[in-house]
Amino acid sequence: MRLTVFNGSPRGEGSNTKILLEHFINGFMTTEGNIYELAYLSRVKESDNFVKLFREAEHVLLAFPLYTDCMPAIVKTFIESLEPLCGKKGNPDIGFIVQSGFPEAIHSRYVERYLEKLAARLGCRYKGTVIKGGVEGIQAKPARMTRKLFESFYQLGKTFGETGKFDEQIVRKLAKPEKLSRFDLWILKLLDKVGLANSYWNTMLKGNNAFEKRFDKPYII
Ligand SMILES: Cc1cc2nc3c(=O)[nH]c(=O)nc-3n(C[C@H](O)[C@H](O)[C@H](O)COP(=O)(O)O)c2cc1C
């Protein structure tokens, strides 16, 4: 099987998407004869090549982080660049991976509906959307905390490489929790009260010199 993979994270080679894809591809490549090609949508200067890659692809996997309940601008730009291929004969099969910061899969269900519709409009056979929440922070976590997640993506890639489909059981497992339980919410409120709920995000803001600006409302007159 020939798989063309698009990494839609603006973080490119430093992205969480890259890490998850690496495990997926390692699994995919265990089937003899499988080959893949990988493109980073963050390399915007190569955008003409993205359309060519898509047009010539057999199976496409588009993976991206959830941005403001939808997709990053580079992914939307890529999707719009495919407009001339809408409904063309010979378009590839397409599957998606959407991973997000919030742990609940429900945040990604709207973009999932969009992606299914997109596949239909392009005239691509839709292979499904893999949703995984709670991904931000994986690069800071010790190996024992990410082992299961990476193994799941490896297995997902392996079965995809063998069957050309996402394994339904793995997809269902990855999408947990759909929504946080009352108990989880209670814990979250508690962490918020003691100032721990935002500590990771505050560190990120400080690292980007944006902490002081966190309540800015630049569009309010
Ligand atoms: C501008 C921006 C918007 C985001 N919006 C959301 C969001 O709406 N929901 C969510 O769960 N995570 C959101 N996130 C978190 C990312 O989805 C998450 O950090 C992801 O793992 C980043 O993956 P990457 O390293 O591959 O880019 C957002 C992150 C950024 C930078």
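Ligands are counted one by one from 1 in listed order, and the atoms in each one are counted from 1 as well. Predicted model only: the values in this text are computed from it and were never measured.
- Protein heavy atom in closest approach to atom 22 (C) of ligand 1: P65 CB, 3.6 Å.
- Among protein heavy atoms, atom 30 (C) of ligand 1 sits closest to Y67 CE1, 3.5 Å.
- Remark: minimum distance from atom 15 (C) of ligand 1 to any protein heavy atom is reached at G101 N, 3.7 Å.
- Contact check for I138 versus V135: side-chain heavy atoms found under the 4.5 Å cut-off.
- Using a 4.0 Å cut-off between charged nitrogen and carboxylate oxygen, R109 and E178 count as a salt-bridge pair.
- Under the side-chain contact (heavy atoms from CB on, under 4.5 Å) rule, L38 has a single partner from V5, L3, L53, which is V5.
- Under a 4.0 Å criterion applied to the non-hydrogen atoms of Q99, ligand 1 contributes the atoms 17 (O), 20 (C), 21 (O), 22 (C), 23 (O), 24 (P), 26 (O).
- Each of the following atoms of ligand 1 lies closer than 4.0 Å to a heavy atom of T17: 24 (P), 26 (O).
- Heavy atoms from both the backbone and the side chain of E136 come within less than 4.0 Å of ligand 1.
- Between F6 and F78, the gap from one ring centroid to the other is short of 6.0 Å.
- Residue-ligand proximity, F102 to ligand 1, at heavy-atom distances under 4.0 Å covers atoms 9 (N), 10 (C), 11 (O), 12 (N).
- Heavy-atom proximity to D69, at under 4.0 Å, picks out these atoms of ligand 1: 7 (C), 8 (O).
- Closest to atom 5 (N) of ligand 1 among all protein heavy atoms lies T68 N, 2.8 Å.
- Under a cutoff of 6.0 Å and an axis angle of 45°, R214 and F211 form a cation-pi pair.
- Ligand 1 has no atom lying under 4.0 Å from any heavy atom of H107.
- Using modelled atom types, no side-chain atom of D167 and backbone atom of Q155 make a donor-acceptor pair closer than 3.5 Å.
- Residues F150 and H23 bring their aromatic ring centres within 6.0 Å.
- At a heavy-atom distance under 4.0 Å, no atom of K18 approaches ligand 1.
- Salt-bridge annotation for R147 and E151: absent, with no side-chain N of the basic residue lying under 4.0 Å from a carboxylate O of the acidic one.
- Below 4.0 Å from some heavy atom of S15 lie the following atoms of ligand 1, by number and element: 24 (P), 25 (O), 26 (O).
- Nearest to atom 24 (P) of ligand 1 among the protein's heavy atoms is S9 OG, 3.4 Å.
- Looking at N7, V135, L66, it is L66 that brings a heavy atom closest to atom 4 (C) of ligand 1.
- Proximity of L122 to L82: side-chain heavy atoms (C-beta onward) are separated by under 4.5 Å at one or more points.
- Distances between N or O atoms of N16 and those of ligand 1 include at least one value under 3.5 Å.
- Using a 4.0 Å cut-off between charged nitrogen and carboxylate oxygen, K176 and E104 do not count as a salt-bridge pair.
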